[in-house]
> 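Sending over a structure as structure tokens; questions will come in a sec.
Proteins get letters first, then strands, A, B, ... in listed order; numbering begins at 1 in each.
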Protein chains: 2
Amino acid sequence: MRTMNKSQIKLISTLERVGGFASAQELYQLLRRDGDGIGLTTVYRALQSLLDDKIVDVLRREDGEALYRLCGEAHHHHLVCRSCGTTVEIEGSSVERWAEAVAKEHYFREVGHTVELFGLCSKC
Amino acid sequence: MRTMNKSQIKLISTLERVGGFASAQELYQLLRRDGDGIGLTTVYRALQSLLDDKIVDVLRREDGEALYRLCGEAHHHHLVCRSCGTTVEIEGSSVERWAEAVAKEHYFREVGHTVELFGLCSKC
DNA sequence: CCAAAAATGAAAATGGTTGTCATTAACATT
DNA sequence: AATGTTAATGACAACCATTTTCATTTTTGG
């Protein structure tokens, strides 16, 4: 069975509290705010382990910063407002199927996909 | 009409030569290799201007580095091998239509999409 | 030709992320 | 409890893409 250390557990529960995506820096600040003396390095290391164990997913914000979220929730994508940051979760089974088909067609294995939509919401 | 300076023109033709995506650093190296004394700062500035003018597109590599390409070529996506970097261009009109529909459904305007597939090719 | 504006590049600053390394916590074995 | 072994930790420095600063050069319009 996979071992799971204290830091990893703290990060998982913080990600649960957040409910969606959070950057390493944000997670670090949240933990510090709770009086936790955790170091930034440890946050990065724990996130990397969780990635290796496929407990969390990662995606990139438009500015390149890495965002992490818990896997397990139904896989979905996001429609993000470029201006105010409003995020709508969208389901996209048709995209999943398309990605699968493309992967098979080109004999690729272990294919993951990044699908993110960026635009301007009705208010902006 | 939009002005276009020397550096921007150099970058456009370099991007044409490359034919696909290239990072700012790669473009810089290519130009230097051609004996061009251009500075890295200028490369970044020119790319930013071309982005503003919607002459080039940007996407993020898995490690967060920004990749630029000329717009105008038929819009397509990529299937990239995580291990050896082999890239297959894929066409995805079904994805385009899906993105359009989602955008409309949520009253978003000017919606662009990032769709990239990462996996392991048959050789790796 | 000249002055104002735009462009340039070297160098420093920024900010997210990763590497180093000495210290500490956890845990199994006497 | 005392010991030795191993994993985990965090302060700090290193890294690297990108941005900012600023003094200098080039371009442009009059």
> Could you tell me the separation between the CD1 atom of B/Ile9 and the P atom of C/dA6, rounded to a whole number of Å?
18 Å
> For the pair made of CG in A/Asp63 and C1' in D/dT19, what is the distance, rounded to whole Å?
13 Å
> Indicate yes or no for a side-chain donor-acceptor contact from A/Arg109 to the backbone of B/Gly119 under 3.5 Å, with no hydrogens or angles considered.
no
> Expressed as a whole number of angstroms, how long is the span from B/Asn5:CG to C/dG9:P?
10 Å
> So which one's nearest nucleotide on DNA chain D is more toward 5', B/Lys6 or B/Gln25?
B/Gln25
> How many Å lie between CD on A/Gln8 and C1' on C/dA25, as a whole number?
16 Å
> Does A/Asp34 use its side chain to pair, donor to acceptor, with the backbone of A/Asp36 at less than 3.5 Å?
no
> Under 4.0 Å between any heavy atoms, over every strand shown, what does B/Gly37 touch: base, sugar-phosphate, or nothing? Just pick one.
sugar-phosphate
> Rounding to an integer number of Å, can you tell me how far B/Glu26 CD sits from D/dA17 P?
10 Å
> Between the base of C/dG9 and the side chain of B/Arg45, is one N or O donor paired with an acceptor at under 3.5 angstrom?
yes
> B/Tyr44 side chain: which of C/dG9, C/dG19, D/dA17 is closest?
D/dA17
> So which nucleotide from D/dA17, C/dA11, C/dT8 ends up closest to the side chain of B/Thr41?
C/dA11
> What's the CD-C1' distance between A/Gln48 and C/dG16, to the nearest Å?
14 Å
> Does a side-chain N or O from A/Thr42 land closer than 4.0 Å to OP1 or OP2 of D/dG10, or not?
yes
> Looking only at the side chain of B/Ala66 (C-beta and beyond, no hydrogens), which of the listed nucleotides D/dT18, C/dT20, C/dT8 gets closest?
D/dT18
> Return the value, rounded to whole Å, for the distance between atom CZ of A/Arg61 and atom C1' of C/dT17.
14 Å
> Distance-only, no hydrogens or angles: does the B/Asp53 side chain make a donor-acceptor pair with backbone N or O of B/Ile55 under 3.5 Å?
no
> Over 60° means perpendicular and under 30° means parallel, so classify the ring planes of B/His77 and A/Trp98, tilted if in between.
perpendicular
> Figure out the CG/P separation between A/Leu40 and C/dT18, and round it to whole Å.
10 Å
> DNA chain D: A/Ser7 or B/Leu67, which has the more 5' nearest nucleotide?
A/Ser7
> If only atom types and distance count, is the side chain of B/Arg32 paired as donor or acceptor with the main-chain N or O of B/Ile38 below 3.5 Å?
yes
